[in-house]
Amino acid sequence: MSAIHLFMKLSVILICFSFLFVLTVSASPSQVGVVAAGVGYSLAELSIPPVDGPSDPAEVEAFLDLVMPAAIARYNAPGATVAVVKDGRLVVAKGYGYNDLANRTPIDADTTIFRIGSISKLFTWTAAMQLVEEGKIDLDANVNTYLKNFKIPDAYPGQPVTMRHLLTHTAGFEDTSLRMTWGDVESLISIQEYCAENIPARIYPPGRVSLYSNYGATLAAVVVEDVSGVPFDQYLQSRIFTPLGMDQTNLRQDLPPEFASRLTKGYKYAHSENLPAEDYILTVGPAGSISSTAPDMAKFLIAHLQNGTYGNVTILLPETANLMHSRAYSVDPRVSGMCLGFYEQYYNGRRTIGHGGDTDTFHSNLCLLPEEQAGFFVSSNSAGGRGVRDELFAAYMDHYYPGESVVSPEPDPSASARLQQYAGTYEMNRHNYARFERYIGLPSPITIIATPEGTLRMVSSDGTVEYIEGESGIFFPADGSRPVKGNIVFHTAPDGSVEYFAYTNIPVMVYSRLPWFMTADFQDNLKTAAAIILGTVLLWPLLFLFRHTHAIPEPAYSKITRIARWCAGIAALLLIAFVYILLPWITGNEGILVTYIQTREIPGTLTAVLTVPVIAAILTIATVAFAVLAWKEKYWTFPHRVHYTIIAMALVAMLWWVHVNRLWVFCL
């Protein structure tokens with residue numbers, strides 16, 4: 001009997017070993033393991049392999065339990081909430097980490113509320129498309145047709161801004177932060193007041209290029225309000241939130257007590273720790289102020305995945321939803337496109353549509369895969385949430401929808417000379433162009449260098465990345481990684497010159513090539529050189545004192561030559577004081593800047609300081625005229641005339657620097 005028992009035990013062991021071997025050999029890459037966004041997540045640890053996407057709640061929860069704690073730890077995020085949906089149902093909603101670090105209060109996905117930032121725009125776009133569906137808004141009509149209290153200026157005659165332009169971020173508005181945030185909820189202005197009083201400059205004709213605009217999204221909400229005759233927050237509540245059963249979702253900045261008590265704290269990471277921080281108070285609520293829970297957001301995801309229907313409720317007809325989800329614009333055919341509100345991303349050969357959301361302390365992502373009837377929502381309560389959402393996206397796609405491995409092309413040293421056409425300095429076009437805000441909010445430039453090895457080296461504030469050319473004008477990371485933002489594509493003008501580049505998965509951002517005279521290096525060197533030259537006006541009083549103390553006879557000066565030097569000297573000293581004393585003082589004074597950015601008031605001190613270059617400009621005009629007169633009438637000696645002329649040129653150069661940076665009082 002003991003021999004039989006031994007034989008049976010050995011047989012069982014052999015069968016189990018064979019079964020495990022077959023499973024290991026036949027497992028797909030997603031079952032064996034996944035490397036997501038540079039972090040080794042051993043998804044082989046999951047006990048249930050993914051079948052037909054994220055369908056099994058136990059498997060999805062195991063997946064999230066593997067990815068999310070590691071991600072929030074890696075990026076120093078206190079906590080996060082996530083919801084995964086598939087085939088018309090909520091599969092899993094779960095919280096990770098803490099909503100209050102001091103009290104160690106854990107996040108509960110069902111009750112903890114997060115701010116979703118710019119994902120709010122998807123609700124605004126959905127509202128607009130409801131009115132398009134009802135025939136009350138024409139996507140291609142001038143928005144001025146619908147605005148009751150103000151009009152958008154006709155910057156490009158015959159090319160009006162339309163709702164389609166607003167939904168695709170192609171209206172051409174400059175980006176602006178002025179009055180977008182507010183100091184307190186009690187005095188918060190309405191979206192009507194904000195849009196009427198803060199119309200941004202239009203720097204591109206409509207439809208020409210993508211330029212992300214919070215103003216544009218808020219303007220769309222004003223159109224919805226004017227057309228429907230219902231305040232926008234009430235419209236969202238009655239037409240979207242209530243029908244979908246999103247009773248934990250609110251647009252208001254001053255959340256009702258029952259909501260405010262469950263809103264997670266926001267944090268900023270500083271000095272190696274997360275510190276509690278107050279979030280923005282937004283005047284552009286329709287562009288970014290919705291607060292919600294993961295299960296509530298799942299209902300919105302499902303409604304869009306099911307072409308406008310959730311349960312027995314329809315918020316959009318199928319044809320409207322399909323139109324909203326289809327590509328409507330792309331800055332380049334090789335770059336993912338803007339839908340009507342959503343934007344596309346491609347990963348592992350799959351098309352996703354969605355939107356990110358960022359406030360000062362919250363960072364979120366909403367992702368839909370319409371063809372797979374799947375998607376997820378994630379939000380985190382600190383700056384590290386940017387990394388968390390990207391980690392989850394890459395891990396989710398690699399695990400549930402893996403693609404074939406892509407072999408990076410080899411660099412070609414012989415192409416180095418040809419790649420020089422892409423070298424230069426580039427600047428993201430999402431910034432202010434026409435106001436003083438430009439100087440205090442200009443994005444960091446990106447430098448592209450063509451290397452002798454046949455690669456392009458991108459140097460930015462995020463670090464240095466090497467790229468290798470695949471197809472003509474398309475460059476892949478040389479390390480073989482697949483960043484969520486995608487590869488880079490260079491766009492050329494009809495004459496063959498390189499205009500800009502874009503990431504293949506960020507359709508609303510374009511990085512324009514700067515001419516050499518607009519680069520930061522040239523501008524800084526010009527300012528420094530001009531300041532040194534202008535400083536030489538101090539030689540004039542020194543020479544006067546030297547002659548006076550050494551009893552050297554004064555040259556015969558006319559009254560006009562004395563006025564000429566007084567004009568040049570005062571202008572030079574005013575500009576030096578403005579650039580090196582007054583401007584740093586103003587931009588370093590948080591109280592002045594906050595008052596300027598967050599209220600209707602323009603601080604008198606700021607007005608006074610930016611009036612200084614205007615006075616200097618008037619004196620510079622006089623100086624240039626005196627320089628011409630000096631050569632004509634042969635004032636002073638030849639070296640003195642040359643010096644005076646160089647001073648005049650330095651004044652013009654410094655004022656050009658002032659103009660480039662919009663440091664005039666007229667630009668407030």
Side-chain angles (χ1 to χ4, degrees), residues 431-442 514-545 557 560-589 592-593 596 602-631 635-636 639-668:
H431 62 83
N432 197 268
Y433 288 77
R435 304 186 189 184
F436 167 67
E437 183 188 353
R438 171 186 170 86
Y439 182 73
I440 58 177
L442 204 60
L514 294 176
W516 60 270
F517 55 84
M518 289 295 289
T519 62
D521 285 345
F522 177 81
Q523 290 288 318
D524 288 343
N525 290 336
L526 177 71
K527 178 184 69 174
T528 302
I532 291 171
I533 292 170
L534 294 179
T536 63
V537 300
L538 295 174
L539 292 173
W540 295 338
L542 292 176
L543 286 173
F544 174 81
L545 289 174
Y557 290 127
I560 195 168
T561 58
R562 292 183 184 277
I563 295 173
R565 279 190 166 165
W566 273 106
C567 285
I570 293 173
L573 295 177
L574 281 176
L575 286 177
I576 291 172
F578 172 76
V579 171
Y580 291 101
I581 300 174
L582 298 176
L583 196 56
W585 172 60
I586 282 291
T587 54
N589 190 313
I592 291 175
L593 292 184
Y596 170 65
I602 297 179
T605 306
L606 180 59
T607 300
V609 168
L610 296 192
T611 302
V612 171
V614 176
I615 298 170
I618 295 170
L619 294 172
T620 296
I621 293 172
T623 299
V624 171
F626 282 130
V628 173
L629 192 61
W631 286 100
Y635 296 147
W636 310 302
H640 287 163
R641 290 200 299 272
V642 170
H643 180 239
Y644 191 86
T645 302
I646 293 174
I647 293 294
M649 293 170 63
L651 286 171
V652 172
M654 188 66 91
L655 286 171
W656 186 71
W657 180 87
V658 167
H659 177 69
V660 165
N661 290 285
R662 301 301 187 262
L663 298 174
W664 308 104
V665 68
F666 316 113
C667 297
L668 289 176

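- The closest donor-acceptor contact from the side chain of T519 to the backbone of P515 lies at 3.5 Å or more, if one exists at all.
- Taking all atoms of both residues into account, the shortest heavy-atom contact from A571 to T620 is CB-OG1, 4.1 Å.
- Ring geometry for F522 versus W516: interplanar angle over 60°, hence perpendicular rather than tilted (30 to 60°).
- Just one of V658, N661, L663, V612 meets the side chain to side chain contact (heavy atoms under 4.5 Å, CB included) condition when paired with L583; it is L663.
- Residues W566 and L619 have side chains not in contact (no heavy-atom distance under 4.5 Å, counting atoms from C-beta outward).
- Side chain of Y644 to main chain of A564: a donor-acceptor pair is present (N/O by atom type, distance under 3.5 Å, no hydrogens or angles).
- Annotation: the span from Y635 atom OH to I560 atom CD1 amounts to 4.0 Å, rounded to 0.5 Å.
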(request) Determine, stepwise, if the pair L573 / L538 fulfils side chain to side chain contact (heavy atoms under 4.5 Å, CB included). (result) CA-CA 9 Å; L573 295 177; L538 295 174; 4.0 Å; yes

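- The closest donor-acceptor contact from the side chain of N525 to the backbone of D521 lies under 3.5 Å.
- Judged purely by atom type and a 3.5 angstrom limit, R662 has no side-chain atom pairing as donor or acceptor with the backbone of Y439.
- Residues F578 and L610 have side chains in contact (heavy-atom distance under 4.5 Å, counting atoms from C-beta outward).
- Nearest heavy-atom pair across G569 and W540 is N-CZ3, 4.0 Å.
- Here OG1 of T561 is found 6.0 Å from CH2 of W636. Values are rounded to the nearest 0.5 Å.
- In this structure, T536 and I646 have side chains that are not in contact, with every pair of non-hydrogen atoms separated by 4.5 Å or more.
- Residues L655 and A616 come closest through the heavy atom pair CD1-O, 4.3 Å.
- For the atom pair CD (E437) and CG (L668), the distance works out to 11.5 Å, reported to the nearest 0.5 Å.
- Using a 4.5 Å heavy-atom cutoff, the side chains of W631 and V642 are in contact.
- Counting heavy atoms from C-beta on, the side chains of R438 and V660 come closer than 4.5 Å.
- Shortest non-hydrogen contact noted between L534 and I647 is CD2-O, 3.8 Å.
- When all heavy atoms are compared, the tightest approach of A648 to T623 is CB-CG2, 3.9 Å.
- One distance of note links CE of M649 with CD1 of I533; it measures 8.0 Å at 0.5 Å rounding.
- Between W664 and H659, the angle of the ring planes lies from 30° to 60°, which puts this pair in the tilted group.
- At least one side-chain heavy atom of Q523 sits under 4.5 Å from a side-chain heavy atom of W656.
- Note: I621 CD1 to L651 CG = 11.5 Å, rounded to the nearest 0.5 Å.
- Using a 4.5 Å cut-off on side-chain heavy atoms (C-beta onward), L526 and F517 make no contact.
- Among all heavy-atom pairs drawn from Y580 and T528, the shortest one is OH-CA, 3.8 Å.
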